[in-house]
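One structure below.
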Amino acid sequence: MSLILALTSLAWADRVYWTAPPKPADTDALTRTLPSATVHPLDELVGGAADAEGVRALATLRSELAAVRPLLAEFDGELQIMARLRKATADVTELRTPEDAELLWQALCFEGNAVQRYFGDRLGSEPAAAPYRTNLGPAVVVSAWVDAVALKGPASPIEADIPEKPQRLSYDGVRALMQAMPSAAFEVGRLADGSAVMLDGRVVDASPGSRTLLVPGRHFFTVKVGEVSLLHGDAALPDGATMKADAPFGPHERDDLLAQVGKPAGWKVPDAAMVPIAGAKEPVYLAVPGDGRPRLVRVDRGTAEAVALVAPAKTTSPVALHAAIGAGWLSSGDFFLQNVADGAPHTADSVNAFTPAFSLEAEWWSGMFAASGGVSGQVATGDYHTLTSGDTEVRTFVYPHVGLGLPWVQATVGPLLPWYLGVGLEGRVPVASGFEVTASAVYGAGLTQPRGGDAPDFEPLPVFAAWGGVGWRFD
């Protein structure tokens, strides 16, 4: 039977390791690209300092052991001792020093002493003793003493932990049974450069493939490089079992990985780095900060794969500028009346003109409502498509106007120069990437124009105008 321990994770989400602290713009780019990702510094892929929970567990055990020692002299104090120490010893997950191992061993011996003293011969039959007993073959023994013997082997407990002879003899019986059992073993697998291995609080050979024989039971190990803890764990080993630890990725291997990240995508992820990366059991990415354009590579499939960043969502401004050109038609009876003396024919061509056209408008919108303001114009072409204004001939009809309605169709009103009040409709249909098709129709009501002297007022006939074209929207 083999129990292999390595850097693993039970999470199931994209996991990103930053190679350096990111700026807010880098973080925003990553969030757009991998919105559900968990984010970590690259050093967390290596490991970290001593487990804070493990340190607290040892401190709690130390205080609990000191607090329960006087209870041995109280009536039924054993119940409090076994209950409190059972919890405190179970919470310990790492032994960093021989002193940590000694503390746990003393607590296990003292806990077992309380169990044996209270239950005695009823240990195997009393229902309340179930959490505190273990079967070794046909024998029923105290669980805490099984863990104590596994931890310290042939060592004898001090009198303060098991003060009375009957309990000391019972401990000796458990020790004899366990030492007669087939050994378990701890095996060193692949380790990072410079690793040291602690087993049950003591340093052991860190050579790959080295094995340490153990008394079956609960054992603790830690793999460190300097003060960086790469891996630690504990397991209850049955007889014949082998516990193996792999921790090949450390500070030196991290630096090797960083050197690879600077290369174009397609490089092979180092085997040492793949141990914690594959152990995550989820997509793993490395991110290099880049002032809002970080480099992102996926590495959990063994080859670095470049990941394209998701661009920021375009925000549509509530204000837009529209420019358009086109061509259309303009009609006025005054074309004929003012040019008939010059030879305007008595046909429809005299009152209908072809016109190039243009427009420039600013638009504000909110939801389905839009308002605009701008100017459009048409230039009448043809020999007889002019109007007389003073000493000049007018061909250009300019329409400054405002509009209200929907973003794509609006009613307009404004002066239609030279001498009309214009009302009309205009529409725009977006096509792609700012390009749009536009159309406009205007009715111009003539405004009376006074003349100097005794001349009668000029009463312009109505004008009708329409045009269509293409344009561009500038947000």
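Counting begins at 1 with the first residue of the sequence. Here the structure is a predicted model, which means the values were calculated and not measured.
Side-chain contact between Met243 and Glu187 is absent, with no heavy-atom pair separated by less than 4.5 Å. In this structure the side chain of Asp205 never reaches within 4.5 angstrom of the side chain of Val188, judged on heavy atoms. Looking at Thr212 and Arg202, their side chains come closer than 4.5 Å, going by heavy atoms from C-beta outward. Side-chain atoms of Thr93 and His232, non-hydrogen and from C-beta on, do get closer than 4.5 Å to each other. Within the 4.5 Å cutoff, the side chain of Ser125 has heavy atoms near those of the Arg122 side chain. In this structure, Val149 and Leu108 have side chains that are not in contact, with every pair of non-hydrogen atoms separated by 4.5 Å or more. Using a 4.5 Å heavy-atom cutoff, the side chains of Phe249 and Val275 are not in contact. In this structure, the side chains of Pro163 and Asn113 come closer than 4.5 Å at one or more pairs of heavy atoms.
In the model, Ser143 has no side-chain atom that pairs as donor or acceptor with a side-chain atom of Arg86 under 3.5 Å. For the 3.5 Å distance criterion, the side chains of Glu426 and Ser440 fail to qualify, holding no donor opposite an acceptor. Gln80 and Glu74 share no side-chain donor-acceptor pair at under 3.5 Å. Using modelled atom types, one finds a donor on one side chain and an acceptor on the other under 3.5 Å when comparing Tyr399 with Thr412.
Residues Glu102 and Lys152 are paired through a salt bridge, judged by an N-O separation under 4.0 Å between the basic side chain and the carboxylate. With respect to the salt-bridge test (charged N to carboxylate O, under 4.0 angstrom), the residues Arg301 and Glu305 qualify. Under 4.0 Å is where a charged nitrogen must lie from a carboxylate oxygen, and between Lys23 and Asp28 no such pair does. Using a 4.0 Å cut-off between a side-chain N of Lys or Arg and a carboxylate O of Asp or Glu, Glu126 and Arg133 do not qualify as a salt bridge. Arg15 and Glu282 are joined by a salt bridge, as a carboxylate oxygen and a charged side-chain nitrogen come within less than 4.0 angstrom of each other.
Aromatic ring orientation, Tyr171 versus Trp145: perpendicular (interplanar angle above 60°, classes split at 30° and 60°).
Interatomic distance, CZ of Phe119 versus CG of Leu79, reported as 6.5 Å (0.5 Å rounding).
Counting only distance, with no hydrogens or angles, the side chain of Asp26 and the backbone of Gly290 share a donor-acceptor pair below 3.5 Å. No donor-acceptor distance shorter than 3.5 angstrom exists from the side chain of Glu436 to the backbone of Val470, with no hydrogens or angles considered. When atom types are taken as modelled, the side chain of Arg117 and the backbone of Leu72 share a donor-acceptor pair closer than 3.5 angstrom. Proximity of a side-chain donor or acceptor of Ser366 to a complementary backbone N or O of Phe369 within less than 3.5 Å is not detected.
The side chain to side chain contact (heavy atoms under 4.5 Å, CB included) test with Ser229 is passed by exactly one of Val223, Thr222, Val46: Thr222.
Contact between Ala192 and Leu230 at its shortest, heavy atoms only, is CB-CD1, 3.7 Å.
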Task: Chi angles and distances behind the side-chain contact (heavy atoms from CB on, under 4.5 Å) call for Asp161, Arg69 - done: CA-CA 9 Å; Asp161 296 330; Arg69 284 193 182 278; 2.7 Å; yes
TODO: Could you walk me through whether Arg218 and Asp200 pass the salt bridge (Lys or Arg N to Asp or Glu O under 4.0 Å) test, one step at a time?
DONE: CA-CA 9 Å; Arg218 191 179 183 208; Asp200 295 335; over 6 Å; no
- [ ] Evaluate the salt bridge (Lys or Arg N to Asp or Glu O under 4.0 Å) criterion for residues Arg293 and Asp291: first the C-alpha distance (whole Å), next the side-chain angles of each, then the deciding distance (0.1 Å), finally the verdict.
- [x] CA-CA 6 Å; Arg293 293 196 59 81; Asp291 291 325; over 6 Å; no
TODO: Carefully, step by step, assess Asp91 and Lys87 under the rule salt bridge (Lys or Arg N to Asp or Glu O under 4.0 Å).
DONE: CA-CA 6 Å; Asp91 286 345; Lys87 169 62 175 171; 3.2 Å; yes
Task: Test side chain to side chain donor-acceptor pair (under 3.5 Å) applied to Ser372 and Glu363, step by step - done: CA-CA 4 Å; Ser372 63; Glu363 180 186 43; 5.9 Å; no
- [ ] Apply the test side-chain contact (heavy atoms from CB on, under 4.5 Å) to residues Val297 and Val299: give CA-CA distance (whole Å), side-chain angles for both, the deciding distance (0.1 Å), then the verdict.
- [x] CA-CA 6 Å; Val297 291; Val299 292; 4.2 Å; yes
TODO: Go through the steps to decide whether Glu111 and Arg84 satisfy the test salt bridge (Lys or Arg N to Asp or Glu O under 4.0 Å), and finish with yes or no.
DONE: CA-CA 9 Å; Glu111 176 193 340; Arg84 291 171 64 173; over 6 Å; no
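Cation-pi geometry between Arg211 and Phe186 is not met: the NZ or CZ atom fails to fall both under 6.0 Å from the ring centre and inside 45° of the normal.
Annotation: Tyr285 is not in aromatic contact with Tyr17 [ring centroid separation under 6.0 Å not met].
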